[in-house]
Amino acid sequence: MIRTSFIIWALMLVTWCAMRYPAMRRARRQKTRVDRRSTLDISLLVTCTVGLVVMPIVWRLGIFDGLADRRQGIVLVILGTLTGIAFLWLFRRSHKDLGKNWSVTLEVREGHQLVTGGVYAHVRHPMYASFLLWGITQALLIPNWIAGLAGLVAVMALYAVRQSREEAMMRDTFGAEYDAYCARTKRLLPGVF
Ligand code: SAH
């Protein structure tokens, strides 16, 4: 069961990389108009990579030596697979809707357009919502309290810091248009918060 669980987690990671790679390549060609990158932001991105990718691999290699392991059951594997499918779907949708306006850090591109359609018509941070789902998927599929929860903790930290800074940057750039967009949308869960 542990092996199956880890393989499902690994397949999701590979699928995510295949989805992200073309966007990374395209983004390198886009010119930046406003750059709000900070050391804190970059450090949190590194923390997310460690939490979401490195920790489960380190655990699987046996480096934890059984520390904080928990039992794994079929119900958790099924739930983890379902949240993983939801994560990949939402990630793909938000990437497609954001298109050329996407960036890995806080930036406004030349010719940047405010996206308010697709999944962005319902929430302002669907891609961060997908990362939170990734963290939940990992917690369900990796049967170790430390390696399992590391991704979710890292993503929550990134989101906590990013959310207000990103919204301030978008407000500075798009003004009343962004205010109106905020007035009709929630951040992560449609109609709730
Ligand atoms: N917070 C969004 C986007 C994450 S990518 C989400 O979770 O889906 C981060 C970049 O997306 C930011 O640097 C910003 O330039 C851009 N961005 C965020 N919201 C946007 C929107 N509604 N329209 C266009 N660009 C947006």
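In each ligand, atom 1 is the first atom listed, and ligand 1 is the first ligand listed.
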Visitor: Name all residues meeting the side chain to side chain contact (heavy atoms under 4.5 Å, CB included) criterion together with Arg184; count only those two or more places apart in sequence or in a different chain, and write none if there are none.
Guide: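 Residues passing side chain to side chain contact (heavy atoms under 4.5 Å, CB included) with Arg184: Thr116, Ala180, Tyr181.
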
Visitor: Could you tell me which residues satisfy side chain to side chain contact (heavy atoms under 4.5 Å, CB included) with Ser103, sequence neighbours excluded, listed by chain and number?
Guide: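 With neighbours one apart ignored, the set is Glu107, Arg109.
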
Visitor: Salt bridge (charged side-chain N to carboxylate O under 4.0 Å, His left out) with Asp35: which of Lys31, Arg37, Arg33?
Guide: Arg37

Visitor: Between ligand 1 and the protein, which N/O pairs are shorter than 3.5 Å?
Guide:
unit_1	atom_1	unit_2	atom_2	d
ligand 1	1 (N)	His125	ND1	2.8
ligand 1	1 (N)	Glu166	OE2	2.5
ligand 1	7 (O)	His125	O	3.4
ligand 1	7 (O)	Met127	N	3.2
ligand 1	7 (O)	Tyr128	N	2.9
ligand 1	8 (O)	Tyr120	OH	2.6
ligand 1	8 (O)	Pro126	N	3.4
ligand 1	8 (O)	Met127	N	2.9
ligand 1	13 (O)	Ser103	OG	3.0
ligand 1	13 (O)	Thr105	O	3.2
ligand 1	13 (O)	Glu107	N	3.1
ligand 1	13 (O)	Glu107	O	3.1
ligand 1	15 (O)	Glu107	O	2.6
ligand 1	22 (N)	Val115	O	3.0
ligand 1	23 (N)	Val115	N	2.8
ligand 1	25 (N)	His112	NE2	2.8

Visitor: Among Glu167, Arg162, Lys186, whose side-chain hydrogen bond (donor to acceptor under 3.5 Å, both in side chains) with His125 holds?
Guide: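 Among the candidates, only Glu167 passes.
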
Visitor: With sequence neighbours left out, what residues match Phe6 under ring-ring contact (aromatic ring centres under 6.0 Å, His included)?
Guide: Trp9

Visitor: So, His112 versus Gln30: side-chain donor-acceptor pair below 3.5 Å or not?
Guide: no

